[in-house]
Amino acid sequence: HLQLVEFGGGLVQPGGSLRLSCEVSGTTSRAYAILWLRQAPGKEREAVSCISDNGLTANYADSVMGRFTVSKNTANHTVYLQMTDLKPEDTAIYHCAADVWGDIRDMCDMRMEVYDYFGQGNQVTVSS
């Protein structure tokens, strides 16, 4: 089992930046991928970015490509989502999620349905 705790989020003006953190604990000896997803009021959940266990493979939704960067500190099992050039439409609750991949350390999946463990979520509000 894995436990995920998120930090960061808050209120930022359009064009500003924020960094979210996702600390992973539990059975971290097996490979796991991390997905960042978000849900805005009245909208469907959206997969934002994923990163592989070794931190070398990342994928992004078209809506955040070039503005968001996902990274991982493999030593302390923390995944970061650096968000820049934020827009009002980025306002949402952001969650990190984990899926155990056994020994596969260089892949991740943008499909939300494959992830089993979720963090509590953090609010990100982009507004002037």
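- Tracing side-chain contacts under 4.5 Å through hydrophobic residues (I, L, V, M, F, W, Y), one never reaches Val24 starting from Val5; they form parts of separate clusters.
- Looking at heavy atoms from C-beta onward, Val100 lies in side-chain contact with Leu2 at the 4.5 angstrom threshold.
- Side chain of Thr91 to backbone of Pro88: a donor-acceptor contact under 3.5 angstrom is found.
- Environment of CG in Asn76: crowded, with over 12 heavy atoms of neighbouring residues, nucleotides or ligands closer than 6.0 Å.
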* So Gln82 and Ser17, side chain to side chain contact (heavy atoms under 4.5 Å, CB included) or not? Walk me through it. -> CA-CA 7 Å; Gln82 179 68 47; Ser17 299; 4.0 Å; yes
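- For the pair Arg67 and Asp85, the tightest heavy-atom approach, listed with the atom from each and the gap, is NH1-O, 3.0 Å.
- Counting heavy-atom neighbours within 6.0 Å of Glu44 CD, excluding the residue itself, gives a total of 12 or less.
- Within the 4.5 Å cutoff, side-chain heavy atoms of Asp109 are placed close to those of Trp101.
- Under the 4.5 Å side-chain criterion, counting only non-hydrogen atoms from C-beta, Leu37 is not in contact with Tyr115.
- Judged by distance alone, with hydrogens and angles left aside, the side-chain atoms of Tyr80 form no donor-acceptor pair with the main-chain N or O of Asn73 at under 3.5 Å.
- With Glu6 contributing its side chain and Gly121 its backbone, the two residues share a donor-acceptor pair below 3.5 Å.
- Side-chain contact between Leu81 and Ser49 is present, with heavy atoms from C-beta onward closer than 4.5 Å.
- Leu20 and Gly9 make their closest contact through CD2-N, 3.1 Å (heavy atoms, listed as atom of the first residue, atom of the second, distance).
- For the atom pair NZ (Lys72) and CD1 (Ile51), the distance works out to 7.5 Å, reported to the nearest 0.5 Å.
- Remark: the backbone N or O of Gly8 is paired with a side-chain donor or acceptor of Asn122 at under 3.5 angstrom.
- Between the side chain of Asp53 and the backbone N or O of Ala33 there is no donor-acceptor pair closer than 3.5 Å.
- Connection of Tyr60 to Trp36 is established within a shared hydrophobic cluster, with ILVMFWY side chains joined at heavy-atom distances below 4.5 Å, either directly or through further cluster members.
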* Start with the C-alpha distance between Glu46 and Val64, add both sets of side-chain angles, then the distance that settles side chain to side chain contact (heavy atoms under 4.5 Å, CB included), and finish with yes or no. => CA-CA 11 Å; Glu46 177 188 18; Val64 305; 5.7 Å; no
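- Pairing each heavy atom of Arg105 with each of Ser29, the nearest pair is NH2-O, 3.2 Å.
- Using cut-offs of 30° and 60° for the angle between ring planes, the His1 and Tyr117 rings count as perpendicular.
- Distance alone, capped at 3.5 Å, places no donor-acceptor pair between the Thr74 side chain and the Asn54 backbone.
- Under the side chain to side chain contact (heavy atoms under 4.5 Å, CB included) criterion, Asn59 pairs with Cys50, Cys108, Met110, not counting sequence neighbours.
- Taking 4.5 Å as the limit, some side-chain heavy atom of Leu11 sits within range of a side-chain heavy atom of Thr125.
- Closest approach of Ala58 to Val70, counting heavy atoms only: CB-CG1, 3.5 Å.
- Within the structure, ring-ring contact (aromatic ring centres under 6.0 Å, His included) pairs that include any residue of residues 9-31 do not occur (at least two apart or interchain).
- Nearest heavy-atom pair across Ala98 and Ile34 is CB-CD1, 3.6 Å.
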* **Stepwise side chain to side chain contact (heavy atoms under 4.5 Å, CB included) test for Met83 and Leu18** => CA-CA 5 Å; Met83 305 181 290; Leu18 278 176; 3.7 Å; yes
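- Cluster membership for Val12 and Tyr94, using ILVMFWY side-chain heavy atoms within less than 4.5 angstrom, is shared.
- Contact record, Lys87 with Val126: O-CB, 3.3 Å, taken as the closest heavy-atom pair.
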